[in-house]
Amino acid sequence: MEKQHNWPLWEIFIRSRQGLDHKHVGSLHAADSAMAIENARDVYTRRMEGISIWVVESKYVHASNPDEASSFYDPANDKVYRHPTFYDLPDELKHM
Amino acid sequence: MMTDASSTIFQDKIDQDIRIEPKDWMPDAYRKTLIRQISQHAHSEIVGMLPEANWITRAPSLRRKATLIAKVQDEAGHGLYLYSAAETLGISREEMIDQLHSGKAKYSSIFNYPTLTWADMGAIGWLVDGAAIMNQVPLCRASYGPYARAMVRICKEESFHQRQGFEILLTLSRGSEAQRRMCQDAIDRWWWPSVMMFGPNDDASPHTAQSMQWKIKRFTNDELRQRFVDICAEQVKLLGMTIPDDQLRWNEERQHYDFGPIDWEEFRNVINGNGPCNKERLAARVQAHEDGAWVREAALAHAEKKIQYGKTA
């Protein structure tokens, strides 16, 4: 087996404030997860942009295919009745 | 043909200001242009650390030293944001580094000038970072998503760089006669190279039209250069210094400053490797990379060993 000489790529997710979701901010290379977290701190939170970091090795991220986006999301396209505004109700009706 | 339909859809998206993302179809030339531009930009951030690092140990106070370190650290960060953005286009980090080290890839020629005095830290912050900001703000709306997002992050951080530079010059401009001379000397040396940072004149810039159609570029080189000159011509008054251009004067009709001719011969010379510091800069980069090889290998070996022993960190 050929020895891998390069550090793998990691995707970085940061929670900017307590109560918010972790959000993807970018990626970086690191030898392991501990180094990825430390590097993410230095690269992406130099100005207190985060209070929590997730790192995921990029090879484990699976994504939907943009070429199939129209058919893939099609099932939701004609179901306007999933939205509250679809329903005709009198203005007198309160608290709904 | 598939490509015809795809390229129509692609240009439609661009025209509607819909961002292109890594897995979307894109023309080969668009991908190549982006890889070239983003990697050159990344290389510039990384090489750009060298002229300033030169002054960290000689900064005149602890405050100046702390801010200069923070600025250089930001530049490392900017290089990393940009390398990752370029990697989403299918080029590896190693390929980019190899291209830099072999001289195949370029970086901003401004970093091939030496930093002779402390005032150069001020002039670089004010003029070089000022010109960079002028170039970079429109890139926050570039059509390629990962590039635009990296640029948003970079632009937020750059404004500290410019302000710290101007503050250095302002302090010198209020100092002793020798300090004032040092301030003017730095402006004299950095002015024209900064004006050249916007690249060739529009009529000599073959890629501009295509890049604007793809919305990678939003303004031409000359438009951005004019804006830069207009702003600096006013700001320099605050320093009580002058810009080294005897043809610089306000043109009431154009509502812009006129300025003297640019020495493109010098520009080409420096780009082609004959600037005062080209060899030194590249040698410093290559040496840092080679000296760090054992660290990269050791970290990888350590990570593998941990997996072997079943205690992933």
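First the proteins, then the strands, lettered A, B, ... as listed; each starts at 1.
- Interface remark: B:Glu21 contributes no atoms to any contact with chain A (heavy atom separation under 4.5 Å).
- Heavy-atom distances place the side chain of B:Arg153, and not its backbone, under 4.5 Å from chain A.
- Side-chain contact between B:Leu282 and B:Leu100 is present, with heavy atoms from C-beta onward closer than 4.5 Å.
- How far CH2 of A:Trp10 is from NZ of A:Lys59: 8.5 Å, rounded to the nearest 0.5 Å.
- With ring centers used as reference points, B:His43 lies 6.0 Å or more from B:His101.
- By number of non-hydrogen pairs under 4.5 angstrom with chain A, the leading residue of B:Lys23, B:Glu157, B:Gln73, B:His302 is B:Glu157.
- Heavy atoms closer than 4.5 Å to chain B are found in the side chain of A:Leu9, but not in its backbone.
- The distance between the ring centers of B:Tyr30 and B:Phe10 falls below 6.0 angstrom.
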